[in-house]
Amino acid sequence: MRELKYEFSEIEKKWQAKWLEVKPFAASNQSDKPKFYGLIEFPYPSGEGLHVGHPRPFTAMDIICRKRRMQGYNVLFPIGYDAFGLPTENYAIKNHIHPKIVTHRNIARFRSQLQMLGYSFDWDREIDTTAPDYYKWTQWIFLQLYQKGLAYKATMPVNWCTSCKCVLANEEAVNGVCERCGAPVVRKEKSQWMLKITEYAQRLIDDLDDVDYIERVKIQQRNWIGRSTGAEVNFDTTAGDKLRIYTTRPDTLFGATYMVMSPEHEYLRRWADKLDNWDEVAAYMDAAARKSDFERSELNKEKTGVELKGVRAVNPVNQKEIPIFISDYVLASYGTGAIMAVPAHDTRDWEFATKFRLPIIEVVKGGAKSVQEEAFTDCETGVMTNSEFLNGLSVEDAKSAIVKYMEEQGLGESKVNYKLRDWVFSRQRYWGEPIPMVFCDTCGWVPVPEEQLPVLLPDVESYEPTDTGESPLSKMTDWVATTCPHCGGHARRETDTMPQWAGSSWYFLRYMDPDNGEALASKEALAYWSPVDWYNGGMEHTTLHLLYSRFWHKFLYDIGVVPTKEPYHKRTSHGMILGEGGEKMSKSRGNVVNPNDIVEQYGADTMRLHIMFIGDFEKAVSWSNEAVKGSKRFLDRVWNLGESCADSLEQTPANEAGIHKTIKKVTADIEELKFNTAIAAMMGLVNDFYANGCTKGDMKPLLLLLSPFAPHIAEELWELLGFAASEGAMACRQGWPVYDEGKTVEQEVTLAVQVGGKLKATVTVPMDSEQDTVVAAAMTDAKVAKLSEGMELVKIILVKNKLVNLIFKPKA
RNA sequence: GCCGGUGUGAUGGAAUUGGUAGACGUAGUGGACUCAAAAUCCACCGCUGUGAAAGGCGUGCCGGUUCGAGUCCGGCCACCGGCACCA
């Protein structure tokens with residue numbers, strides 16, 4: 001008997017100190033072993049510290065990486081901090097502390113919390129996006145984008161958060177409110193740096209075919225990019241200009257009974273003197289401009305619009321004259337900003353036509369109701385009608401036929417459109433990377449020369465955003481005033497900073513070679529580690545960080561900086577941790593669980609184990625303080641086995657099959673993110689050990705299987721049972737246990753016996769018994785025998801080692 | 001409206017992908033140990049039924065395929081997430 005209590009607190013401190021000292025998790029940039037790069041989304045170091053949302057994905061990847069090391073891989077599992085951002089800045093404003101100081105404090109806190117949980121990060125590769133030698137390279141990438149024409153300045157209506165006093169990306173404005181603070185978002189004309197992500201739209205779709213992302217991520221990205229194929233068609237107008245429209249249904253061209261332009265369309269002002277009702281039109285344009293996006297979409301149940309009196313369009317295929325309207329249901333920013341309206345086959349056009357009593361002409365037949373009652377929008381079943389040479393064709397055939405005709409006649413051509421918009425890249429805030437551009441009155445925008453990077457973020461007196469919509473940096477006149485790198489004349493620095501997403505768009509590259517002063521990472525390091533083998537992160541980043549970083553990576557690939565087209569080979573995602581009632585955790589509900597409390601009460605191993613045991617990793621689960629005890633109890637039971645097991649290094653025969661089965665299950669389950677059932681299997685094995693008795697030989701594989709999940713207790717018992725002494729190393733440096741398929745099967749199996757498909761009995765027979773043996777054994781069962789009286793056995797279905805189903809019928 | 005996902009005991013969740021539904025855990029019940037409690041160990045634990053059995057019912061609802069359906073097909077309902085006047 002080894003009599004030592006499971007003092008988790010001391011044990012965990014001991015091993016954490018040892019890992020920091022011995023560095024068993026340091027990755028090497030040169031190795032004969034196969035490489036594995038496991039990545040988690042680096043945290044934003046908020047003032048609140050780690051919350052329970054963090055340990056779930058972190059522990060999962062830690063388990064995978066610990067297992068990979070034991071399987072003989074050279075593993076890179078790094079950590080860093082995505083530390084630029086608004087919460088830190090807002091805290092700094094409120095408390096008059098420099099954001100730099102706040103950030104350092106928060107990072108220190110995060111670091112100690114992450115170490116407290118025993119993660120096997122390579123701490124020598126820690127990065128911080130706010131460090132000048134890091135953001136130097138963020139700025140460098142921006143300069144490359146600028147040089148290739150992918151960064152440009154444009155004045156355009158942008159999403160403006162009224163509370164943050166800052167521009168938001170499309171992706172950050174959710175339902176008319178700011179994703180971060182919830183304040184209303186309004187439209188504002190501003191001159192902004194933009195990144196041409198749209199240039200990569202098709203490749204961002206196509207290359208999804210070559211990566212191993214979970215399907216819902218691929219689907220969500222494809223939907224977000226929103227590719228559609230259709231045609232652009234020119235309509236003559238009585239004003240003389242050709243009005244160009246985009247449609248995905250060129251087949252319905254004969255059904256176009258009017259046209260609609262967006263209120264922002266450039267022709268409108270040009271046509272002012274031709275319009276009899278210009279006052280009315282101008283009033284509508286004004287009203288539309290004043291509406292926020294939210295008002296334009298959400299509140300717009302009823303369609304509104306104004307007819308242009310004095311200008312009409314001509315349908316190019318039948319020369320019919322049709323009216324033109326303006327309406328805010330047509331968006332200026334998509335397609336050409338104008339549409340042909342086919343009310344018979346588009347619900348929005350139908351609503352508008354009904355309200356304005358415009359003709360509805362059926363050109364596709366097959367709808368359940370008349371098109372006067374309901375638009376028929378189905379493309380699969382319809383047949384063309386009222387469309388001259390298209391009549392009788394299917395919708396698909398009609399599309400190709402009309403496009404071919406239009407291209408021959410010079411009326412229009414096929415066209416692909418995307419919903420994806422260019423990325424608004426400027427923020428009027430302090431705590432971000434300065435955009436390395438200078439404006440010279442004579443030369444215009446001039447990039448800061450690479451050798452002058454980084455453009456350091458200067459210290460300012462106040463971080464308050466200005467009401468004029470300019471960055472706090474604009475008040476730093478000394479810093480703003482500079483000389484033009486081109487002509488040497490007076491120039492002003494760009495005072496906007498980059499968005500939060502900049503630093504995180506390439507951070508995984510920096511981990512490969514974090515101290516490089518010459519490049520964002522060396523060619524060798526990039527060649528060795530690229531791509532990230534497995535990246536796990538939240539679904540909320542699918543159309544933000546994940547898309548942005550794929551875009552940057554493709555660009556870096558194009559200019560020869562990185563060796564792979566895609567940054568991440570595999571992408572998985574975890575579900576959220578909800579509060580006890582299945583509700584979102586929030587301060588206001590008071591159901592927030594602090595990992596520190598759990599670690600203090602039960603230990604880091606219990607915390608890790610429980611967060612993985614709690615339910616399906618990919619789905620949302622609710623936290624239960626009560627249930628944590630079960631995981632702690634399991635570790636106590638393992639500890640007690642370690643104290644009481646027999647000294648023999650032989651395995652107990654009764655445990656053998658269970659051990660091999662468990663190795664098989666845990667090995668496979670980790671790969672499939674089924675941590676909960678892996679843990680259940682280990683619990684089952686421990687229950688067997690209690691029932692059958694156990695030896696050191698039985699404990700050995702159990703401890704190795706447990707070590708990625710609960711590394712501290714595993715190391716301690718490994719040492720205590722003498723394995724470390726006799727084999728000279730920590731558990732984390734052992735080989736991953738292997739199973740013998742032959743030993744996973746039992747000698748005897750219990751089969752279900754069904755009669756007519758209903759379970760009536762079970763019978764135990766030797767493994768792999770043939771049908772005759774099984775049936776004979778089944779018939780010895782009293783219940784089965786009784787059911788077979790006076791019956792004839794007409795059919796036997798045998799599923800080997802599982803079940804036998806006997807079908808009887810009355811004897812004739 | 002469109003695109004994903006989910007629905008299983010008191011409860012968190014399992015189920016080798018068509019083969020013994022409820023593994024593993026929590027809560028609960030009974031017992032052992034203890035002066036006692038906690039902890040620990042052992043047993044029971046879907047509903048109904050009975051003295052105990054037998055039997056019947058049971059994976060959101062209705063129908064279908066099959067020797068056999070939580071799993072497949074058709075039609076609904078509810079909840080969660082994403083997108084949303086993108087022509």
Side-chain angles (χ1 to χ4, degrees), chain A residues 174-175 215-220 222-224 226-228 230 245-249 252 260 262 296-298 300-301 303 327-331 333-342 345-349 351-352 377 417-421 539-540 542-543 575-576 578 580 582 584 610 613-616 618-631 633-634 636-637 640 664-665 668 674 676-687 690-691 750-763 783 786 794-808:
Chain A
V174 178
N175 285 333
E215 205 51 34
R216 58 196 164 125
V217 169
K218 289 190 181 186
I219 290 168
Q220 216 166 296
R222 284 197 195 102
N223 289 349
W224 183 260
R227 182 195 151 101
S228 69
I245 61 98
Y246 173 72
T247 178
T248 55
R249 293 292 304 274
T252 61
V260 188
S262 78
R296 264 177 90 146
S297 59
E298 207 70 13
N300 220 354
K301 299 249 169 7
K303 298 262 181 295
S327 172
D328 61 7
Y329 85 88
V330 172
L331 306 177
S333 51
Y334 184 78
T336 62
I339 61 154
M340 66 171 189
V342 185
H345 306 292
D346 180 285
T347 23
R348 295 152 304 182
D349 297 344
E351 282 169 28
F352 190 89
T377 57
N417 259 324
Y418 303 90
K419 291 184 197 172
L420 188 69
R421 305 291 150 82
M539 281 307 286
E540 70 276 17
T542 302
T543 54
M576 253 199 305
L578 304 170
E580 298 239 6
K584 256 188 181 173
H610 188 66
F613 180 61
I614 199 166
D616 186 335
E618 305 199 65
K619 289 181 196 132
V621 280
S622 34
W623 178 265
S624 158
N625 275 325
E626 196 57 32
V628 185
K629 281 194 237 165
S631 299
R633 210 170 273 162
F634 166 65
D636 284 336
R637 281 163 70 82
N640 292 339
K664 183 179 180 178
K665 177 134 186 78
K674 289 160 80 174
N676 52 338
T677 51
I679 293 165
M682 289 189 277
M683 287 173 167
L685 187 63
V686 165
N687 292 346
Y690 268 73
T750 302
L751 269 68
V753 180
Q754 295 183 341
V755 174
K758 291 210 170 194
L759 182 71
K760 292 295 173 188
T762 58
V763 65
K783 214 189 278 179
K786 197 174 174 211
V794 292
K795 194 170 178 185
I796 302 162
I797 294 129
L798 177 72
V799 184
K800 249 197 187 163
N801 301 324
K802 289 275 178 210
L803 158 151
V804 64
N805 188 6
L806 308 173
I807 315 297
F808 292 104

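Throughout, a chain's letter reflects where its sequence line sits, starting with A, and its residues are numbered from 1. Everything numeric here is computed off the predicted structure, so don't read it as measured data.
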P gap between A69(B) and A21(B), integer Å: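 A69(B) and A21(B) have their P atoms separated by 10 Å.
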For A10(B) and G60(B), measure between their P atoms and round to the nearest Å.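 About 14 Å, rounded to a whole number of Å.
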Assign I807(A) to base, sugar-phosphate, or nothing according to its heavy-atom contacts below 4.0 angstrom with the strands shown.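 It contacts sugar-phosphate atoms only.
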Closest heavy-atom contact between [X] and [Y]?
{"X": "R249(A)", "Y": "M340(A)", "value": "O-CE, 3.6 Å"}
{"X": "F613(A)", "Y": "S631(A)", "value": "CD2-OG, 4.2 Å"}
{"X": "L798(A)", "Y": "L751(A)", "value": "CD1-CD2, 4.1 Å"}
{"X": "V330(A)", "Y": "S262(A)", "value": "O-CB, 3.0 Å"}

Base-pair string, RNA chain B, Watson-Crick plus G-U, cut-off 3.5 Å on both distances, | for inter-strand, is (((((((..(((......[....))).(((((.......))))).(((......)))..(((((..]....))))))))))))....
Among all residues two or more places apart in sequence or in another chain, which pass the side-chain contact (heavy atoms from CB on, under 4.5 Å) test with [X]?
{"X": "N640(A)", "value": "E643(A), Y690(A)"}
{"X": "S228(A)", "value": "Y246(A), T248(A), Y334(A), N417(A)"}
{"X": "K802(A)", "value": "V799(A)"}
{"X": "K665(A)", "value": "D669(A), T677(A), A681(A)"}

Choosing from C67(B), C3(B), A87(B), which nucleotide comes nearest the side chain of N223(A)?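 Per side-chain heavy atoms of N223(A), the pick is C3(B).
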Spacing of [X] atom [atom1] relative to [N] atom [atom2], expressed in whole Å:
{"X": "K218(A)", "N": "G82(B)", "atom1": "NZ", "atom2": "C1'", "result": "19 Å"}
{"X": "D346(A)", "N": "C2(B)", "atom1": "CG", "atom2": "C1'", "result": "14 Å"}
{"X": "L578(A)", "N": "U6(B)", "atom1": "CG", "atom2": "P", "result": "16 Å"}
{"X": "M539(A)", "N": "U6(B)", "atom1": "CE", "atom2": "P", "result": "13 Å"}
{"X": "R227(A)", "N": "A87(B)", "atom1": "CZ", "atom2": "C1'", "result": "17 Å"}
{"X": "K419(A)", "N": "G82(B)", "atom1": "NZ", "atom2": "P", "result": "16 Å"}
{"X": "R637(A)", "N": "C42(B)", "atom1": "CZ", "atom2": "C1'", "result": "11 Å"}
{"X": "Y418(A)", "N": "A87(B)", "atom1": "OH", "atom2": "C1'", "result": "17 Å"}

Residues that [X] engages under salt bridge (Lys or Arg N to Asp or Glu O under 4.0 Å), provided they are two or more places apart:
{"X": "K800(A)", "answer": "E770(A)"}
{"X": "D346(A)", "answer": "R348(A)"}
{"X": "R222(A)", "answer": "D209(A)"}

Give a yes/no on whether any side-chain N or O of [X] is located under 4.0 angstrom from OP1 or OP2 of [N].
{"X": "Y329(A)", "N": "A87(B)", "value": "no"}
{"X": "R216(A)", "N": "U6(B)", "value": "no"}
{"X": "R633(A)", "N": "U40(B)", "value": "yes"}

Syn or anti for G49(B), taking syn as within 90° of 0?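 Because its glycosidic torsion lies more than 90° from 0, G49(B) adopts the anti conformation.
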How should the glycosidic conformation of U17(B) be described, syn or anti, under the criterion that syn lies within 90° of 0?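 Because its glycosidic torsion lies within 90° of 0, U17(B) adopts the syn conformation.
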Which donor-acceptor pairs under 3.5 Å do side chains of residues 621-628 of chain A form with protein atoms, sequence neighbours excluded?
unit_1	atom_1	unit_2	atom_2	d
W623(A)	NE1	N625(A)	OD1	2.9
S624(A)	OG	E626(A)	N	3.3
S624(A)	OG	A627(A)	N	3.0
N625(A)	ND2	E580(A)	OE2	3.4
E626(A)	OE2	K629(A)	NZ	2.8

Nucleotide-resolved protein contact map, nucleotides 12-24 of chain B, B/S/- at heavy-atom distance under 4.0 Å: BSSSB--BBS-BB
Using a 4.0 Å heavy-atom cut-off to protein, can you give one letter per nucleotide of nucleotides 46-52 of chain B, 5' to 3': B if the base is in contact, S if only the sugar-phosphate is, - if neither? -------
Both S624(A) and T247(A) contact RNA chain B. Taking the nearest nucleotide for each, which residue is further toward the 5' end?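 In this pair, the answer is S624(A).
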Considering heavy-atom distances to RNA chain B, does Y690(A) or K760(A) have its closest nucleotide positioned more toward the 5' end?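 Its nearest nucleotide lies further toward 5', so the answer is Y690(A).
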Ring pair (Phe, Tyr, Trp, His ring centres under 6.0 Å) involving F352(A) - partner list, sequence neighbours excluded: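 Checked F352(A) against ring pair (Phe, Tyr, Trp, His ring centres under 6.0 Å); matches are Y258(A), F325(A), Y329(A), F356(A).
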